[in-house]
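Along the sequence shown, residues carry numbers from 1.
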Amino acid sequence: MNSICTPKEALQKLEHFCAYQERCHDEVVSKLYSLKMTTDEIDSIVVQLIEGNFLNETRFACSFARGKHRMKSWGKIRITNELKLRNISSTNINLALKEISPEEYEITFNELSKKCWNSIQEKNILKKRKKFCDYLLRRGYESNFVYEKLKIMEQE
């Protein structure tokens, strides 16, 4: 198995890769495998990236949580699941979720709920309820929030 580049070149490439956007360890390791690096080289490069502060799992998790909430209006459940998929520790996941203030979370949830409820053209109230709940649950919002909001939306 021949490397595409030397460990030094790979380190430089990965420094740019990590400087461009926050990355998690899994993304970096995948990228190094795609460059045909050996396991020892990968371990060495990952350590160097961490020491150079190019790779920081906590920083990645916090940035990911803020970004997905603000840009895609994801709820905490979806963010947690996506971070778990990337093998982020539960400590870092909890820190990341603290990046979203309860006020901001509530505002986003309320705006998304209103937009969703008003956009559903369904005449059958049962189908409309289901579409509303499914949408917000898929976005990763807690079921108790969703069902409480449903009651409020039906009364308005």
Side-chain angles (χ1 to χ4, degrees), residues 10-35 42-43 45-156:
L11 177 63
Q12 284 181 323
K13 281 185 180 185
L14 269 294
E15 284 176 353
H16 289 289
F17 183 64
C18 294
Y20 173 72
Q21 177 184 321
E22 288 296 341
R23 307 288 179 178
C24 66
H25 291 335
D26 279 9
E27 289 173 304
V28 168
V29 171
S30 297
K31 181 78 170 169
L32 287 166
Y33 274 119
S34 77
L35 296 174
I42 289 173
D43 292 343
I45 290 170
V46 167
V47 167
Q48 290 174 65
L49 289 170
I50 293 168
E51 286 171 353
N53 205 19
F54 285 97
L55 190 57
N56 181 323
E57 202 101 285
T58 307
R59 200 174 58 211
F60 166 80
C62 292
S63 166
F64 183 90
R66 279 191 313 270
K68 294 302 180 189
H69 180 71
R70 291 187 184 139
M71 300 299 171
K72 293 193 170 188
S73 303
W74 283 4
K76 291 181 178 178
I77 295 171
R78 174 94 185 254
I79 292 169
T80 301
N81 291 339
E82 293 287 335
L83 286 171
K84 281 181 183 169
L85 248 154
R86 290 165 175 77
N87 297 315
I88 305 296
S89 71
S90 52
T91 310
N92 282 335
I93 291 174
N94 292 331
L95 284 171
L97 293 176
K98 286 182 183 143
E99 291 286 305
I100 306 165
S101 74
E103 300 78 32
E104 183 187 355
Y105 194 69
E106 191 180 343
I107 290 167
T108 305
F109 176 71
N110 289 332
E111 286 172 357
L112 191 64
S113 303
K114 233 172 238 143
K115 205 168 107 186
C116 174
W117 183 259
N118 294 331
S119 73
I120 301 172
Q121 299 298 314
E122 188 60 60
K123 296 287 175 243
N124 180 331
I125 193 65
L126 293 174
K127 286 183 181 174
K128 183 169 183 166
R129 279 183 193 156
K130 183 178 179 352
K131 285 181 180 181
F132 176 78
C133 292
D134 286 352
Y135 177 77
L136 291 170
L137 293 170
R138 226 182 7 259
R139 274 323 234 313
Y141 287 94
E142 297 80 346
S143 54
N144 54 328
F145 284 2
V146 173
Y147 299 129
E148 281 300 310
K149 194 68 182 172
L150 176 63
K151 288 177 192 165
I152 295 166
M153 296 309 261
E154 285 182 316
Q155 288 165 4
E156 284 180 5

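The heavy-atom pair separating Asn87 from Glu57 by the smallest distance is O-OE2, 4.0 Å. The minimum heavy-atom distance linking Leu136 with Ser113 is given by the pair CD1-OG, 3.8 Å. The nearest pair of heavy atoms linking Ala10 to Leu35 is CB-CD1, 4.2 Å. Residues Ile100 and Ala65 come closest through the heavy atom pair CD1-O, 3.9 Å. Taking every heavy atom of both residues into account, Leu49 and Leu11 meet most closely at CD2-CD1, 3.9 Å. Annotation for Val28 and Cys18: closest pair CG2-SG, 3.8 Å, computed over non-hydrogen atoms.
In this structure, the side chain of Arg86 does not engage the main chain of Cys24 through any donor-acceptor pair within 3.5 Å. Distance alone, capped at 3.5 Å, places no donor-acceptor pair between the Ser63 side chain and the Arg59 backbone.
Put simply, the residue from Lys131, Arg138, Lys130 that forms a side-chain hydrogen bond (donor to acceptor under 3.5 Å, both in side chains) with Asp134 is Lys130.
Two residues are said to be in side-chain contact when any heavy atoms from C-beta on lie closer than 4.5 Å; Leu83 and Asn92 fail this criterion.
Using bins of under 30°, 30° to 60° and over 60° for the plane-to-plane angle, the ring pair Tyr141/Tyr105 lands in the tilted bin.
Atom NZ of residue Lys76 and atom CD1 of residue Ile93 lie 13.5 Å apart, to the nearest 0.5 angstrom. Within the model, atoms CG of Leu137 and CZ of Arg78 stand 12.0 Å from one another, a figure rounded to the nearest 0.5 Å. Rounded to the nearest 0.5 Å, atoms NZ (Lys128) and SG (Cys116) are 9.0 Å apart. To the nearest 0.5 Å, atoms CD (Gln48) and CG (Leu14) are separated by 10.5 Å. Note: Lys68 NZ to Arg139 CZ = 11.0 Å, rounded to the nearest 0.5 Å. The distance from the CD1 atom of Ile152 to the CH2 atom of Trp117 is 11.5 Å, given to the nearest 0.5 Å.
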Item to check | Chi angles and distances behind the side-chain contact (heavy atoms from CB on, under 4.5 Å) call for Asn110, Lys149 | outcome: CA-CA 8 Å; Asn110 289 332; Lys149 194 68 182 172; 3.0 Å; yes

Next on the checklist: Applying salt bridge (Lys or Arg N to Asp or Glu O under 4.0 Å) to Glu154 and Arg129, what does each step give before you reach the verdict?
Outcome noted: CA-CA 9 Å; Glu154 285 182 316; Arg129 279 183 193 156; 2.2 Å; yes

Next on the checklist: Please evaluate residues Leu112 and Tyr135 with respect to the criterion side-chain contact (heavy atoms from CB on, under 4.5 Å), reporting the C-alpha separation (whole Å), side-chain torsions for both, the decisive distance (0.1 Å), and the verdict.
Outcome noted: CA-CA 10 Å; Leu112 191 64; Tyr135 177 77; 3.7 Å; yes

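At a threshold of 4.0 Å, the pair Glu111-Lys114 does not count as salt-bridged, since none of the basic side-chain nitrogens sits closer than that to a carboxylate oxygen. A salt bridge is absent between Lys31 and Glu27; no separation between the charged side-chain nitrogens and carboxylate oxygens falls under 4.0 Å.
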